[in-house]
There are 4 protein chains.
Amino acid sequence: MPPDPSRRSERSRRAILTAATELMHEVGYRRLTIEAIAARAGVGKQTIYRWWPSKGAVVLDGFLASVNATPDDLSLPDTGDVAADLRGVVRAIVAELADPKLSGTTRGLMIEMQEDAEFAGMVLDRLLGPQLRAIADRLRAAQRAGQLRADLDLSVAVELLVGPLYHRWLLRTAPLTEDYADTVTDLALRALVP
Amino acid sequence: MPPDPSRRSERSRRAILTAATELMHEVGYRRLTIEAIAARAGVGKQTIYRWWPSKGAVVLDGFLASVNATPDDLSLPDTGDVAADLRGVVRAIVAELADPKLSGTTRGLMIEMQEDAEFAGMVLDRLLGPQLRAIADRLRAAQRAGQLRADLDLSVAVELLVGPLYHRWLLRTAPLTEDYADTVTDLALRALVP
Amino acid sequence: MPPDPSRRSERSRRAILTAATELMHEVGYRRLTIEAIAARAGVGKQTIYRWWPSKGAVVLDGFLASVNATPDDLSLPDTGDVAADLRGVVRAIVAELADPKLSGTTRGLMIEMQEDAEFAGMVLDRLLGPQLRAIADRLRAAQRAGQLRADLDLSVAVELLVGPLYHRWLLRTAPLTEDYADTVTDLALRALVP
Amino acid sequence: MPPDPSRRSERSRRAILTAATELMHEVGYRRLTIEAIAARAGVGKQTIYRWWPSKGAVVLDGFLASVNATPDDLSLPDTGDVAADLRGVVRAIVAELADPKLSGTTRGLMIEMQEDAEFAGMVLDRLLGPQLRAIADRLRAAQRAGQLRADLDLSVAVELLVGPLYHRWLLRTAPLTEDYADTVTDLALRALVP
DNA sequence: GACTAAGCGAGACGGTACGTCTTGTCTTAAT
DNA sequence: ATTAAGACAAGACGTACCGTCTCGCTTAGTC
């Protein structure tokens, strides 16, 4: 029988997410344990197991909570200049992946996504999907304005833009810099314009 | 003091790699344990710890051994038609990533790479690097033949080609098909030609 | 502040005792849990904790309720023949201890008595004490009739009679049979007669 | 597959028994945990689970070790005076049961015996059986010397002697004193002599 | 041909974390 | 105010692996 969410302790929920996020930064994803989260949060282990299916889910919730604490609008700015606008997002993504603080958590989520397809769906729905969709939206606008090819598959177009970034970051083939962001943007754009 | 490789038991080495590969397919990377590999291989745990630094390293060696059992030349064919040749590699990569058997192992290696930068270097040197370099080599030939832009950063060009594939595979945003391979190839090529 | 017994739910009380007795027989004392009793009785755990100090207390109450459902007079028959009368009680005690159904509960109470002296007092007052006193009363009558030695300490006399039974039952040195009951009675009586 | 006793660590074995015995006295049987024993002994929990089937078994071994550290001859003295000799043992048993230090452990063993018949067999074989047999041996000698009735069932005779002691101790009906020991001995003997 | 010095299979060891279970308290809504 | 329901903090359970260690047993070279 599933637990009753209306009786859930908000206090405990918050303590758990805070503890998880802190410990994530202190020891990293692999050495992060449910046991330690519970201890730090002053919470019984069962309270974690009752509400989250896995370590990854707790970390995801904690990450979303810390991100949404400053809930910026996800939709990209539309200055009319596609190139400039994309350059902005790509730089932002590169900055995020290069930031050792955020990057650790994201790597943890990536790990869990490889091991658990269901969890991958969750991350996609709640974290990565919206980001990718925002880029697709901006591309769609440009496409309608005739700035991009009309026969473009937008989801592939997005991948052409961010795929290289993640490839470099995940395979650790080379460091991620702002220059690199611009190089990728320029190159990808060339494929997208009419 | 490091062990003496000349006295190493070839028999044990092989049994370990075989056991690791089999178990990898049977239970997946996460639930693969050194204990189980040793038991299956009929080998003391110490023998594994003596020669490999981590579970990932054993799996990597096992994977390389199974791949190199049929040691195909890594360098791409050069028919003169860049587009056709690239289409071939991209399709091959997509097929590999879509194959549930190979894919499981590769996901395991990706996990370990996220957790251990040193291991990432090993995988890059011995597995992924050569593959990427082979593509870069083919691109270089095309570039020299004037089929690709002269000012291209080839490593970025490679990423533009394979980044989208890995992005889709790792984030599990959509299934990998042959059609998709061709779409990506065509799109990327547009950015690479003069 | 203690709860108000006048507002107590008779319905719940009975359901708890019934559930406890049933579960006692089904899973035994050690694996009997407050949790399970509450669930079976359709009762909140707090309702049990409010009215009973321990698991043992619930079991004791349940046992007393089931025994007193058929409230036989505890006092022994007095046919004038001490030997015959004692033979009867001793046989009855042996039968009770040998009965696997009753015996499980009694073992449970014995366990709790070892762990909790206060609880031991409760069991003695409400269950074992009256039984022992009934025997002592019959012995007193016999003593007054000159059938037993005048200088006898009756409580020790009772122990001489039933001590061996419990000893055998608790230490599990040998099975309890009717023959054994008679042997003990005869032997003990020899010490009690003038 | 059972573990190989020849590779057992004597150091750990001793540390575990010592820790168990100490903790037994400090917190009592019920609150004694395997976890605490392992921690105090500086030992992995598995090392305990590997060699002992239950908490009770560890306590029993610890108790036997502490007793056998001073391995007194179990056989009773035979001065020729049965009454005096029995008085000695009975007093000794009473003293042991009245001693709060020893008594706690023995109560713990009694508890486990009620819950686990197999364990009861172990305790009987290794601890209580020999003690009872020693008394039976002394009675047999007296019987042969014509000091006791020839038709006596010795195991029942032993129970007549010690049953009352355990009865009083387990049921906590009254304190165990030396006077009481003598009263019981005298009374029981009356049933045993010709 | 004995001696020495690895590597080897085996598996016990001290640890850590797992996910589950139960305890006794606390909170909420309904009666 | 008691109740049914059940979330909660706490912490022990018994299991699974970790990486280290200690055994005898092979298996090479070296004297």
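Quick note: numbers below take in every heavy atom, side chains included, and nothing from hydrogens, waters or symmetry partners. Throughout, protein chains are lettered first and strands after them, A, B, ... in sequence-line order, and every chain is numbered starting at 1. Because the structure is a prediction, the values reported are computed rather than measured.
Heavy-atom nearest nucleotides on DNA chain F were determined for A:P2 and for B:A36, and the one closer to the 5' end corresponds to A:P2. Judged by closest nucleotide on DNA chain E, D:T47 is the one of C:Y49 and D:T47 placed further toward the 5' end. For the pair D:G44 and B:A38, nearest-nucleotide mapping onto DNA chain E gives the more 5' position to B:A38. Mapping D:Q46 and A:V43 onto DNA chain F by nearest heavy atom places A:V43 at the nucleotide closer to the 5' end.
Between B:W51 and E:dC8 there is a side-chain N or O to OP1 or OP2 distance below 4.0 Å. A sub-4.0 Å separation between OP1 or OP2 of F:dA16 and a side-chain N or O of B:T33 is absent. B:S9 has no side-chain polar atom (N or O) that falls below the 4.0 Å cut-off from OP1 or OP2 of E:dG7.
Here the side chains of B:Y29 and B:T105 are not in contact, with every heavy-atom distance at 4.5 Å or above.
For the pair B:R14 CZ and E:dC8 P, the computed distance is 14 Å after rounding to whole Å. One can place CD1 of D:I48 at 13 Å from C1' of F:dC13, the figure rounded to the nearest angstrom. Between A:L32 atom CG and E:dT16 atom C1' the separation is 14 Å, expressed in whole Å. At whole-Å resolution of the value, OH in B:Y29 and P in F:dC17 are 15 Å apart. Rounded to whole angstrom, the span from the CZ atom of D:R31 across to the C1' atom of F:dC13 amounts to 18 Å. Counting to the nearest Å, the C1' atom of E:dA10 and the CG atom of D:D4 are 9 Å from each other. Atom CD1 of A:I37 is separated from atom C1' of E:dA17 by 12 Å (rounded to the nearest Å). Going from atom CD1 of D:I16 over to atom C1' of E:dA12 covers 12 Å, rounded to whole Å.
By the 4.0 Å N-to-carboxylate-O rule, C:D61 lies close enough to C:R126 to be salt-bridged with it. Remark: B:R31 does not engage B:E26 in a salt bridge, criterion side-chain N to carboxylate O under 4.0 Å.
For F:dT22, its base sits under 3.5 Å from the side chain of D:R7 at one donor and acceptor pair at least. Below the 3.5 angstrom threshold, one finds a donor paired with an acceptor across the side chain of B:K45 and the base of F:dG19.
At the heavy-atom level, B:S12 lies under 4.0 Å from the strands shown only through sugar-phosphate atoms. Contact annotation for A:R50: base contact, defined as any heavy-atom pair under 4.0 Å involving a base atom.
Closest approach to the A:I34 side chain among F:dC8, E:dC18, E:dC13 is made by E:dC18 (side chain taken as heavy atoms from C-beta onward). Ranking E:dG9, F:dA12, F:dA7 by closeness to the D:E35 side chain, first place goes to F:dA12.
Contact detail for A:R172 and B:A117: the closest heavy-atom pair is NH1-CB, 3.6 Å.
No donor-acceptor pair closer than 3.5 Å links the side chain of B:R40 to the backbone N or O of B:I16. Without hydrogens or angle criteria, C:R8 side chain to C:R13 main chain gives no donor-acceptor distance under 3.5 Å.
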